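Per chain, numbering begins at 1; letters A, B, ... match sequence-line order. Model, not experiment: these values are computed from the prediction.
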Number of protein chains: 2
Amino acid sequence: MTNTDRDRVSAAPSSPEPGALRPTRQRTAVTEALGTVADFRSAQEIHDLIAGHGEKVGLATVYRTLAALADAGVVDVLRTEEGEAVYRRCATTRHHHHLVCRTCGATEEIEGPAVEDWAGAIGRTFGYADISHELELFGTCPKCAGAP
Amino acid sequence: MTNTDRDRVSAAPSSPEPGALRPTRQRTAVTEALGTVADFRSAQEIHDLIAGHGEKVGLATVYRTLAALADAGVVDVLRTEEGEAVYRRCATTRHHHHLVCRTCGATEEIEGPAVEDWAGAIGRTFGYADISHELELFGTCPKCAGAP
DNA sequence: ACACGAGTGAGAATGGTTTTCAAAAGCAGG
DNA sequence: CCTGCTTTTGAAAACCATTCTCACTCGTGT
């Protein structure tokens, strides 16, 4: 139920393409805010970011927009230890993972073909189909390790 | 306050080792409930499970006990897509991962020394210290693939 | 049995996220 | 520039998992 499942009415006189989002001031503000930061941010932080920039966008709209973007694969979502959702616009839309500094939040995008293969092999071993996986690394970045 | 000052005991008589949990009816109920299921369950589901068994344990206590068990490494915790925490008593307390059927929730415990090494190597490459990682596989188990 | 701290539970509080719904904005055609 | 239709928005309320509060009970060592 967390899906952005809109009922696309086929009776629409001249309905455009399905799934086409209307470009609005608010949505622009969200994507721009995402562009100004390099690490994962919560919806509320993004909301504050926009506010600090002078614009005013409702929190609900930020959540909606973020969900839509995540849905479209434009942003990556992951959950903090506490279960809070954090978002980040990634350089690539391709499948990849992250190495996140648990102190400052700095993030590196990483790929691991070996892991992908390994996951597939494990799946086959157990007879599981349609294997997918979630993998995130956490650590302390050089900067934070140097100056605690 | 009627301070019966005779207990000037600096070495508290009744606080021996830290981390020693007192065995109570409630805690037994929780661990037993965990023993009757093979897959990951939410705190509330476990609470219901206990209730269905005739026992009555407060939800808050279930949460507390689960947290303690997770803390002790006796149960594994992971987050569902929606951010809900789910718990499972695993066969081993050693570090491992899971292959979870996304249809029926059946779970296999898996180990991947190669992945551990890979994670460490990645960390070193980027100069990150104290590398840890979260990894879960999802798929469709043979049973569910056969009879949808 | 006694005392005292750990453990418990009902309900309130928290806090992130979603929903509601009426008003505002977009879009296409007249 | 109007008109009718749909999408989007936002403030506040609803939701819901989880945690906290606090008076009370239980387990344990003496």
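- One hydrophobic cluster, built from ILVMFWY side chains closer than 4.5 Å, holds both A:Val115 and B:Ile122.
- Connection of B:Ile110 to B:Val100 is not established within any shared hydrophobic cluster, with ILVMFWY side chains joined at heavy-atom distances below 4.5 Å, either directly or through further cluster members.
- Taking every heavy atom of residues 30-40 of chain B and every atom of DNA chain C, no pair lies under 4.0 Å.
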Between protein and nucleic acid, restricted to nucleotides 19-28 of chain D and to nitrogen or oxygen atoms under 3.5 Å apart, what atom pairs and distances do you find?
none

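- As rounded to whole Å, 12 Å separates atom C1' of C:dT18 from atom CD of A:Gln44.
- Note that the two end axes of the helix from C:dA1-D:dT30 to C:dG30-D:dC1 enclose an angle of 30°, each drawn from 5 base pairs, rounded to 10 degrees.
- Applying the side-chain hydrogen bond (donor to acceptor under 3.5 Å, both in side chains) criterion to A:Glu32, with sequence neighbours excluded, gives no partner residue.
- Legend: salt bridge (Lys or Arg N to Asp or Glu O under 4.0 Å) pairs involving residues 58-78 of chain B, not counting sequence neighbours: none detected.
- The NE2 atom of B:His47 sits 17 Å away from the P atom of D:dC16 (whole-angstrom rounding).
- Contact check, B:Gln26 against C:dG7: no side-chain N or O comes under 4.0 Å of OP1 or OP2.
- Rounding to whole angstrom units, CD of residue B:Glu55 and P of C:dT8 are separated by 12 Å.
- Applying the side-chain hydrogen bond (donor to acceptor under 3.5 Å, both in side chains) definition to pairs two or more places apart or across chains, those involving residues 109-127 of chain B are B:Arg88-B:Glu109, B:Arg94-B:Glu111, B:His95-B:Glu116, B:His97-B:Glu116, B:Glu116-B:His133.
- Checked against ring pair (Phe, Tyr, Trp, His ring centres under 6.0 Å), B:His47 has no partners two or more places apart in sequence or in another chain.
- Every residue was checked against the ring pair (Phe, Tyr, Trp, His ring centres under 6.0 Å) condition with A:Phe138, not counting sequence neighbours, and none meets it.
- Separating the CZ atom of A:Arg79 from the C1' atom of D:dT18 is a distance of 14 Å, rounded to the nearest angstrom.
- If you take CG of A:Leu69 and P of D:dT8, they are 13 Å apart, rounded to a whole angstrom.
- With sequence neighbours left out, the salt bridge (Lys or Arg N to Asp or Glu O under 4.0 Å) criterion links B:Glu84 to no other residue.
- The CG-P distance, from A:Leu66 to D:dG10, rounds to 14 Å in whole Å.
- Residue A:Glu84 has its side chain nearest to C:dG16 when only D:dG10, C:dG16, C:dG9 are considered.
- Going from atom CD of A:Glu81 over to atom P of C:dG15 covers 19 Å, rounded to whole Å.
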Can you give each donor-acceptor pair under 3.5 Å made by side-chain atoms of residues 48-57 of chain A, sequence neighbours left out, with the distance rounded to 0.1 Å?
{"unit_1": "A:Glu55", "atom_1": "OE1", "unit_2": "A:Arg25", "atom_2": "NH1", "d": "3.2"}

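- Distance A:Arg27 CZ to C:dA25 P: 15 Å, rounded to the nearest Å.
- Nucleic acid contact for A:Glu82: none, since no nucleic acid atom lies under 4.0 Å from a heavy atom of the residue.
- For B:Arg41, the salt bridge (Lys or Arg N to Asp or Glu O under 4.0 Å) partners at least two apart in sequence or on another chain are B:Asp39.
- Every residue meeting the ring pair (Phe, Tyr, Trp, His ring centres under 6.0 Å) condition with A:Phe40, not counting sequence neighbours, appears here in chain and number order: A:His98.
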